[in-house]
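Here's the structure we're looking at; comments come further down.
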Amino acid sequence: MNKSFWKNKKVLITGDTGFKGAWMSLVLSEAGAKIQGLSSSKFNKNIELYDCLKIRSITNTVDADIRDQEKVFKTFVDFQPELVFHLAAQPLVRESYIDPVTTYEVNLMGTLNILEAIRSSSSVKSAIMVTTDKCYENNEWDWGYRETDPLGGHDPYSSSKGCAELLIKSYQKSFFHNPLKSSGVSSVRAGNVIGGGDFSQDRLIPDLYRSIDQKSKLFLRNPFATRPWQHVFEPISGYICVAENLYNSGSEGNDSWNFGPHIADIKTVKEISELFCASWEINQVIEFNSDVDQLHEAQSLSLDISKAFHRLNWQPKWSVEDSIHKTAMWYKSYHHKEDVLSLSISQIQEYFSN
Ligand SMILES: NC(=O)c1ccc[n+]([C@@H]2O[C@H](COP(=O)([O-])OP(=O)(O)OC[C@H]3O[C@@H](n4cnc5c(N)ncnc54)[C@H](O)[C@@H]3O)[C@@H](O)[C@H]2O)c1
């Protein structure tokens, strides 16, 4: 991260009230950026981190639904951002089975509104559109998906993000291409992120924290499923790297990028849970619950990160053990009502220092 680049840069972050958005806001604010947030209070289902890191004082969040084109455009006109990170989404697989229509509306049409606002803006030079590792057609391969592999998605969430990828690609080719427009727009695909302060439903670490907090058993749905777990700072550092490059290269740099862990760090759900409890030094009872409604979820999923390594000189910094340790320390501190803002800033400094 080039801190001098970010000093006084005007950055719009959608989804700033969520898990990744709150961390992104704190990281960029620590680097001196001026940030405007845009999130919908109706969808603030994971807002604890935003509150305890006092992100509102950094991002001055506009309460807007990204499906509301008028409000989205007004935010762009009022703030005149130079860089955009689009993270707002309905991000949960199981919720997408319950409400597929809202999932597609937010993840596809909401993304369309953000792209349209970028298209009509004269200030935006660099835009990062956050999708997911689940945007690929999942063939349960043992090897990682490359950026050129076919898009797809079995469940409505994954499919909505695959659709968003196709939309972004169309806009890159149709509207964000020199000499039409010099703004650079890239999509970024990362896997399951961990880190302090995620309290979302149906995610492993939040479920594990709640079971510790409530002194109840943890039931795992898919103990042997593997996911590309990584600390939230890893994709954030990748997004930042792409954003800096795009700012300088404009539409020449339009692309899509994977950010994931090294192969050796890809672990099962069960292994991650055990590492977390070992870091916390707690004997948590963990059981496999085969009775739970088994909606389809991929068993095996990993990303090939060779492109980011060769072209951006990006690679993960923390091993899975380090990442889980930092995460467990954050939740333990939160559990004991300690000062998590100071801890969060010191974790940022540790990760982003050269
Ligand atoms: N957390 C992960 O493991 C993970 C993995 C892969 C991809 N992602 C992607 O990263 C992004 C951020 O995920 P997260 O984990 O921080 O999610 P989160 O649920 O913590 O936050 C979602 C954010 O989006 C906002 N939002 C939702 N619907 C909105 C709407 N209609 N209008 C405006 N704002 C709206 C919410 O207010 C919140 O700020 C998403 O695009 C998600 O798909 C997350």
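Note that ligands are numbered from 1 as they come in the structure, with each ligand's atoms numbered from 1 the same way.
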Open item on the list: Could you work out, with ring pair (Phe, Tyr, Trp, His ring centres under 6.0 Å) as the rule, every residue matching F309, not counting sequence neighbours?
Closed with: none

TODO: Determine whether the side chains of N258 and Y136 contain a donor N or O and an acceptor N or O closer than 3.5 Å.
DONE: yes

TODO: Please determine, by modelled atom types, if Q90 and T103 share a side-chain donor-acceptor pair under 3.5 angstrom.
DONE: yes

- [ ] May I ask you to say whether E350 pairs ionically with K326, meaning some side-chain N is under 4.0 Å from a carboxylate O?
- [x] yes

Task: Residue pairs fulfilling salt bridge (Lys or Arg N to Asp or Glu O under 4.0 Å) with at least one residue in residues 4-24, sequence neighbours excluded - done: none

TODO: For ligand 1, would you mind listing the residues that have at least one heavy atom less than 4.0 Å away, ordered by chain and number?
DONE: G15, T17, G18, F19, K20, S39, S40, F43, N44, N46, A64, D65, I66, L87, A88, A89, P91, V106, V130, T131, T132, Y157, K161, A190, G191, N192, V193, R203

Open item on the list: Once side-chain contact (heavy atoms from CB on, under 4.5 Å) is applied, do any residues pair with E70, and if so which ones, sequence neighbours excluded?
Closed with: D68

